[in-house]
Amino acid sequence: SVWVFLILGLVAASQSGNIIRIGEAHPVAIAAWRLLLASLLLAPLAGRRLGQLLRLDPRERMLLILAGVALALHFFAWITAVQWTTVANAAIFFAINPVLTAGAAWWVYGERASWRLLAAIVVGLCGVVVIGLDDLDLSVASVAGDAMALLCSLLFTVYFLAGKGLRRKLDNRAYVTGIYGVAALVSFAVLGLLGLPLVDYSARTWLCFGLMALVPTLIGHTSFNHALRYLSAGRISALTLSEPLLAAGVAYYAWGEIMRPSAMLGYGLIVLSVFVQLSDGLGAKSAKT
């Protein structure tokens, strides 16, 4: 059930870029409303489990706040990176995340990455680079966007590892409702500081907000957080390398975007990376059995 939910979540999270195209709003507004709507949808499902949040000790509450702030800033940085640089640059510079997460998870939680997982990360990174190579822009004008993509990758690691510790104690529904709620508060505070509109958006943009809350947040990120209790943070992060392939498949049918031969090679490497990770996971499960 963990793997089924995680695969569904990867497909959902990969559609973030396609859904953003529907609306026209500042990155902070998109982040704020997607997080608030997602937390409001989740709260009834969490029900009495939300009481677990009240029983957290001070250190755990700080971890929850840290994870929520990191998630909000992660969304700001990612959407800004896509706006400031090419999608290829943003994807390539963010793709360093599995390396950061696997290394940090080993240092913080003692999660050792197997040779198969490390090989899968390398193959997946190569796939992402091959896909974006033709569109890679190393000009001075793209430096700020590239830096935002790197910052986005670092913030994802902080958000993921802070949540790893909390997921050992909290039910996933309570945890994601809490973390999305904290991230929403941070986002609306920034929205106010920047003087951006609160509700003055077109119907098309509101559709974007709703879909962003339902698909990449409620299904996508919630599945990642659910899996944190059962799989290593490094493995889940490495599996997110499959998102360019999943996003491209939908973009091909929805927007008519053509897949170049070089991109097909990159997608093939990503598929190989996923197969290596799955074989590693199944091998580890058999060994434990």
Side-chain angles (χ1 to χ4, degrees), residues 1-16 30-76 78 97 101 104-105 108-111 155-191 209-237 239-240:
S1 62
V2 174
W3 281 103
V4 171
F5 191 24
L6 182 56
I7 291 170
L8 178 63
L10 287 167
V11 175
S14 69
Q15 302 314 308
S16 175
I30 295 174
W33 280 108
R34 73 181 284 188
L35 287 162
L36 177 61
L37 292 174
S39 60
L40 291 176
L41 288 169
L42 278 165
L45 297 176
R48 295 180 179 179
R49 296 175 183 84
L50 291 176
Q52 296 176 8
L53 298 174
L54 300 177
R55 293 191 290 272
L56 294 175
D57 61 37
R59 175 183 171 278
E60 291 167 337
R61 289 175 187 172
M62 288 304 299
L63 274 178
L64 183 68
I65 293 172
L66 174 63
V69 171
L71 177 60
L73 296 178
H74 161 73
F75 285 153
F76 298 167
W78 171 249
N97 175 258
T101 301
V108 177
Y109 295 110
E111 293 183 354
L155 289 167
F156 186 88
T157 298
V158 174
Y159 146 65
F160 229 42
L161 293 187
K164 178 77 174 178
L166 291 170
R167 277 291 287 122
R168 294 174 176 176
K169 182 173 183 177
L170 293 174
D171 176 85
N172 189 47
R173 284 160 288 190
Y175 170 67
V176 293
T177 302
I179 193 174
Y180 296 164
V182 171
L185 288 174
V186 172
S187 300
F188 277 104
V190 176
L191 194 73
F209 293 161
L211 289 175
M212 286 294 287
L214 180 63
V215 182
T217 310
L218 191 62
I219 300 175
H221 277 263
T222 300
S223 77
F224 299 162
N225 288 307
H226 175 66
L228 272 176
R229 188 165 184 171
Y230 309 99
L231 303 173
S232 71
R235 183 183 303 283
I236 301 170
S237 180
L239 284 168
T240 62

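No experiment lies behind these values; they were computed from the predicted model shown. Basis for what follows: all heavy atoms, side chains included, without hydrogens, waters or symmetry-related copies.
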Side-chain atoms of residues 49-59: list all donor-acceptor pairs with protein atoms under 3.5 Å, sequence neighbours left out, distances to 0.1 Å.
residue : atom : partner : partner atom : Å
Gln52   : OE1  : Asp171  : N            : 2.8
Asp57   : OD1  : Arg59   : N            : 3.1
Asp57   : OD1  : Glu60   : N            : 2.7

Checklist entry - If only atom types and distance count, is the side chain of Thr240 paired as donor or acceptor with the main-chain N or O of Ser237 below 3.5 Å? => result yes
Next on the checklist: With a 3.5 Å distance limit and no angle check, can you tell me whether Arg173 reaches the backbone of Val176 through a side-chain donor-acceptor pair?
Outcome noted: no
Next on the checklist: Run the salt bridge (charged side-chain N to carboxylate O under 4.0 Å, His left out) test against Arg61 and tell me which residues pass, sequence neighbours left out.
Outcome noted: none
Item to check | Side chain Ser39, main chain Leu36, donor-acceptor under 3.5 Å | outcome: yes
Checklist outcome for this item: The reported gap from CG in Leu191 to CH2 in Trp33 (rounded to nearest 0.5 angstrom) is 9.0 Å
Item to check | Whether over 12 other heavy atoms sit under 6.0 Å from Arg48 CZ | outcome: no
Next on the checklist: Can you list everything that forms a ring-ring contact (aromatic ring centres under 6.0 Å, His included) with Tyr175? Sequence neighbours excluded, please.
Outcome noted: none
Next on the checklist: Enumerate the salt bridge (Lys or Arg N to Asp or Glu O under 4.0 Å) contacts for residues 214-232, please, sequence neighbours excluded, ordered by first and then second residue.
Outcome noted: none
Item to check | Min side-chain heavy-atom separation Phe75-Leu35 under 4.5 Å | outcome: yes
Checklist entry - Can you tell me how far the CG atom of Asn225 sits from the CG atom of Leu6, to the nearest 0.5 Å? => result 11.0 Å
Under 3.5 Å, which donor-acceptor pairs link side chains of residues 209-223 to any protein atom two or more places apart or in another chain?
residue : atom : partner : partner atom : Å
Thr217  : OG1  : Arg34   : NE           : 2.8
Thr217  : OG1  : Arg34   : NH2          : 2.9
Thr217  : OG1  : Met212  : O            : 2.8
His221  : ND1  : Tyr159  : OH           : 3.0
Thr222  : OG1  : Tyr180  : OH           : 3.0
Thr222  : OG1  : Thr217  : O            : 3.3
Thr222  : OG1  : Leu218  : O            : 2.7
Ser223  : OG   : Ile219  : O            : 3.4
Ser223  : OG   : Gly220  : O            : 2.7

Item to check | Student check: side-chain heavy atoms of Leu231 and Trp3 closer than 4.5 Å | outcome: yes
Checklist entry - How many angstroms lie between atom CG of Leu228 and atom CD1 of Ile236, to the nearest 0.5 angstrom? => result 4.5 Å
Checklist outcome for this item: Contacts satisfying salt bridge (Lys or Arg N to Asp or Glu O under 4.0 Å) that involve residues 62-72 (not counting sequence neighbours) are none
